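The shown structure was predicted, so the numbers you read here are calculated from the model rather than taken from an experiment. Letters A, B, ... mirror the listed sequences (proteins, then strands); counts begin at 1.
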Amino acid sequence: MLNILRITNFAHLAELEVGKHLYWQIGNLKVHGQVFLTSWFVITLLVIVSIAATRNINRIPRGLQNFMEYALEFIRDLAKNQIGEKEYRPWVPFVGTLFLFIFVSNWSGALVPFRLIHLPEGELAAPTSDINTTVALALLTSLAYFYAGFSKKGLGYFGNYVQPVPFMLPFKIIEDFTKPLSLSFRLFGNILADELVVGVLVLLVPLFVPLPVMALGLFTSAIQALIFATLAAAYIGEAMEDHGHGEEHGEHA
Amino acid sequence: MTHSIILLAAETAGKEGGLFDIDATLPLMAIQFLFLVLILNATFYKPLSKAIDERDEFIRKNQLDARERLSKTEQLASQYEQELATARRQSQQIVADAQAEAEKVAAEKIAAAVKEAQAQREQAAQEIEQQKQEALASLEQQVDTLSQQIMEKLLGTQLVGQR
C-alpha cells in the first residue's frame, strides 16, 4: 500500500499508483492484465475503424474512408521518405501499424477515462506506459531491420558494420543494442512521465490546472508515435542501403 | 509529495511489480502486435492502397486522354483557322475580280454609248446639213419662180414674154 497516495476527498480521481500490476497467471507465466485489457481495446478500435473504412470503398472517398486514406497516405509518405521509393511498399504495414498502435494507445491513455474502471490491483493506462509493450515493439523493430538487411543483401549485410571505415565496427555493434534500448525507453519514459505529471497535478489541484499539461501530453504522445515509426523506418532503410563502393562510383559516374 | 512518489517508484522496483517488471507480457505483446499487423494488412493497408493506386491510375489515364483530346482540338482549331483564312482570301479575290470585271464592262459600255452618241450626233448633224442644203436649193428655185411671178405681176405677162 505504500505506493498508493490517496487524498480522501477525491478518492476516485486523486489516486496515483506506480508500478502496480494486475497479474494474470498463465501456466507458470505471469502477465500484466491491465496492459492486455487496454491493448485489446486499442486493437479492437483499430480493427473496427479499418473495417468500417474499407467496407464500402468508393473511387471518390467520403467520411471515414477519406480519413483513413489520409492516414495511409501519411504513413506511406513517412515510409517512403525513410526507406526510399523502391523498397518502401512491403514495409508500410509494419511501420504504419507501429504508428497507429502507439498513437492510439497514447491517446486512449490520455483521453479515455480508463481510471474510472476499478481493477483489483493496478490501474488501466496506455499500453505504451508499460515497459513490456515498448520493449516488445522495439525488439520487433530490431528484428525487422535485421530481416530487411539480410533479405536484401544476404550475408553481405555484415558489410554494413565496416562501412565506411572498419574502425566503426565496435560502434556499429553497440548501436544494435542501443537502438532498441533508446526506442523503448524513449516511448516508455515519455508516456509514463506524462501520465505521472497529469496524475500528480490532479492530485494537487484537481480542477483546470492539469488541462494545459494534458494538452501538452496529447502533443508529446502524438510526437512520440511519429518518432517511433520514423526511427523504425529509418533503421530499416539504413539496413537496406547500398554501400557498395563499385556500385556507388558507377552510379555517380 | 512528488519526491515521495519518485522514491516509492524506485522502492517498489525491488519487490514484485514495479516499473521495470519485464515478464511474459513482452513476447505475448509482440505476438499480438504481429497479429495486428497481419489483420490491418488485410483490412486496411491492402484494400486502401489498392483503392488509392487505382484512383491514381484512373486519374492519370483520364488526364492523358484529356491532354490528347486537347491537342487534337487545338490541331483542329488551327486547321479550321487556316481554312478560314484561305476562304477569306479567296472570297476577297472573287470580290476583287468581280469588281474589276464590272468596271471593265461598265467602261466598255460607257465607251460604246459615247461612241454611239457621237455617231448619232454626227449623223444628225449631217442630216441637218443635208436638209439645209435641200431647203436652200428649193428656196433658190422658189426664189426664181417667185421673182418671175413678181415680175409678171408687175410688168404684165406680155412684157415678160417679150424679153
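- The environment of B:E83 atom CD is dense: over 12 non-hydrogen atoms of other residues, nucleotides or ligands sit within 6.0 angstrom.
- Between the side chains of B:D23 and A:H21, not a single donor N or O lies within less than 3.5 Å of an accepting N or O.
- Counting only heavy atoms from C-beta outward, the side chains of A:I57 and B:K50 never approach each other to under 4.5 Å.
- Contacts from residues 55-67 of chain B to chain A, taken as heavy-atom pairs separated by less than 4.5 Å, involve B:R55, B:F58 in sequence order.
- Taking CD1 from A:I131 and CG from B:D21, the interatomic distance works out to 10.5 Å, rounded to the nearest 0.5 Å.
- Of all residues spanning residues 25-46 of chain B, those with a heavy atom less than 4.5 Å away from chain A's heavy atoms are B:T25, B:L26, B:L28, B:M29, B:A30, B:Q32, B:F33, B:L34, B:L36, B:V37, B:I39, B:L40, B:N41, B:T43, B:F44, B:Y45, arranged by number.
- A ring pair (Phe, Tyr, Trp, His ring centres under 6.0 Å) check over residues 52-76 of chain A, counting only residues at least two apart or in different chains, returns the pairs A:F74-A:F99.
- The local environment of CD in B:E140 is sparse, with at most 12 non-hydrogen atoms from other residues, nucleotides or ligands closer than 6.0 Å.
- Atom CD of B:E68 sits in a sparse spot, with 12 or fewer heavy atoms from other residues, nucleotides or ligands closer than 6.0 Å.
- Proximity to chain B is limited to the side chain of A:L192, based on heavy atoms less than 4.5 angstrom apart.
- Within a 6.0 Å sphere centred on CD1 of A:I60, other residues, nucleotides and ligands contribute 12 heavy atoms or fewer.
- A:N132 contributes no side-chain N or O that, together with a main-chain N or O of B:A24, makes up a donor-acceptor pair within less than 3.5 Å.
- Looking at A:R76, only its side chain comes within 4.5 Å of chain B, counting heavy atoms on both sides.
- For a heavy-atom cut-off of 4.5 Å, chain A lies close to no residue in residues 87-103 of chain B.
- Atom OG in B:S49 sits 6.5 Å away from atom CZ in A:R89 (nearest 0.5 Å).
- When each of A:L98, A:L29, A:V35 is scored by its heavy-atom pairs under 4.5 Å with chain B, the top score falls to A:L98.
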